[in-house]
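The block underneath contains the structure these notes are about, expressed in structure tokens.
Below, each value reflects all heavy atoms present in this structure, side chains not excepted, and no hydrogens, waters or symmetry copies. The residues of the chain are indexed from 1 along the displayed sequence. Atoms within a ligand are numbered from 1 in the order they appear, just like the ligands themselves.
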Amino acid sequence: MNKSPQKIIEFVGKIKVDKSWSFAELGRKDTTYITHGYHRYPAKFIPQIVSRLIKKYTQKGDLVVDPFGGCGTTIVEAKTAGRKSLAVDINPVAVLITKAKKTAIKPDQLERHFLQLKQKIENYNKNTKVKTPNHQRIDYWFEPEQKKKLSFLFSKISEIKNKDIQNFFFCAFSNILKNCSIWLQKSNKPTRDLKKIPSDPFKTFFRQTKAMMRGNKSFYFLLQERGFLETSCQVFCGDARDIPTKNNTVELVVTSPPYVTSYEYADLHQLTALWFKHTKNLSDFRKRFIGTSFHTNKTINLNSQIAKDIVAKLDQIHHKTSVGVATYFSEMNQVFQEMKRILKKGGKTAIVIGNTKLKSIKILNTEVFVEQLQNLGLKIRAIIKREIPSKNLPSIRDPKTGRFAKITDKKKVLAYPTEYILIFEKQL
Ligand SMILES: C[S@@+](CC[C@H](N)C(=O)[O-])C[C@H]1O[C@@H](n2cnc3c(N)ncnc32)[C@H](O)[C@@H]1O
């Protein structure tokens, strides 16, 4: 029988932390093993959480899907466990990174291409003629010297014919852009630092590529040893509400959804998006993301009394925020419908989510998701509560605005000291 909204709130409130899911003992080296350290990405999974979920809920050869694939943690882990996998993300930058991370390249082949590329780059001198992009936003972020060297680098990578190898170097290129620009280094918001001395593109690229080559080597040999080099592992740039998989085909959905008005992924990844011409119009790009504050009004179906109560409370304080939250919950409900469509009978979800506050109102994402999933006919199997070790906290939130803020500001509150993993099962 379905739990009432009140019972859901009480039930979630009583769940105790399971310390075995905190992975507090892990250091950076553990969480960036194989290809996981290729590229920075906000709010990425700890690979060990995904690996444990996959091993617990699936068998070798099963299909695992992540509708909010981000930088590909789920499908990389699925591959190392011999599970077929598929990820979707609306952000082309996420897809670029995922493609590189999921592709194990023969180490000696990669080394050969690296040496060829290095030689071409070392031929560069001040007089080298380079075609540079004519784009106001690129000039806003990059000094002329950096822009010229990056353009040269970009053109030499573009000449590589093998697409996997080209994408590997493009991923390295993307990850150095922040360091080589005047983007305020630790900021999650696009802020310029006019005093910053940007890094040299060539040196930074070589360092980045060498670290990635070590990651590729261990990924390749691990897959080879386990016999999983050919295991299917796909990524698509698209919407979580339209996953390219047939009905009733998936054993497990593992995902961590975006949060409402937290990260503006479109803004955060604009340096890569600019170089790769992912979008000419940033404001159009932003609207495609669930959780963005640049949403456009659509028909709202909350499918949750808890969500309705939160939206009503917010509406009394700040109308715009209430519309943003309503849009978010309504869109998440559509994603859950899509998850249900693709899951096999007996297939499970593992949705990682935390609660937060906006305008001093508690945004009970966990309780709302539980109610929505239940109303869609999925059955609760387990809800795991885990502590997020402080070193893994994505950021902290401003108590008034709820937006992510700098960790150094003492008045701010911790954003997600705990989070939940929602295990639901499709029964029919
Ligand atoms: C919390 S991140 C996922 C991080 C991921 N677990 C990882 O380890 O990298 C949420 C992701 O949702 C994506 N996203 C936002 N709106 C989307 C949509 N409509 N469809 C698909 N992905 C979307 C964002 O681009 C972002 O990558």
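- In this structure, the ring of Phe169 has its center no less than 6.0 angstrom from the ring center of His113.
- Sorted by chain then number, the residues whose non-hydrogen atoms approach ligand 1 to under 4.0 Å are Tyr41, Ala43, Lys44, Phe45, Pro67, Phe68, Gly69, Gly70, Cys71, Thr73, Asp89, Ile90, Asn91, Gly238, Asp239, Ala240, Arg241, Ser256, Pro257, Pro258, Tyr265, Arg288, Phe289, Ile290.
- To the nearest 0.5 Å, atom CD1 of residue Ile363 and atom CG of residue Asn355 are 9.0 Å apart.
- Leu378 is not listed as a side-chain neighbour of Glu425, based on a closest heavy-atom distance of 4.5 Å or more.
- Side-chain contact check for Phe219 versus Val76: some heavy-atom pair is nearer than 4.5 Å.
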*Start with the C-alpha gap between Lys149 and Cys180, add the side-chain angles, then the distance that decides, and say whether side chain to side chain contact (heavy atoms under 4.5 Å, CB included) holds.*
CA-CA 10 Å; Lys149 284 186 169 176; Cys180 300; over 6 Å; no
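- A distance of 6.0 Å or more separates the ring centres of Tyr259 and Tyr328.
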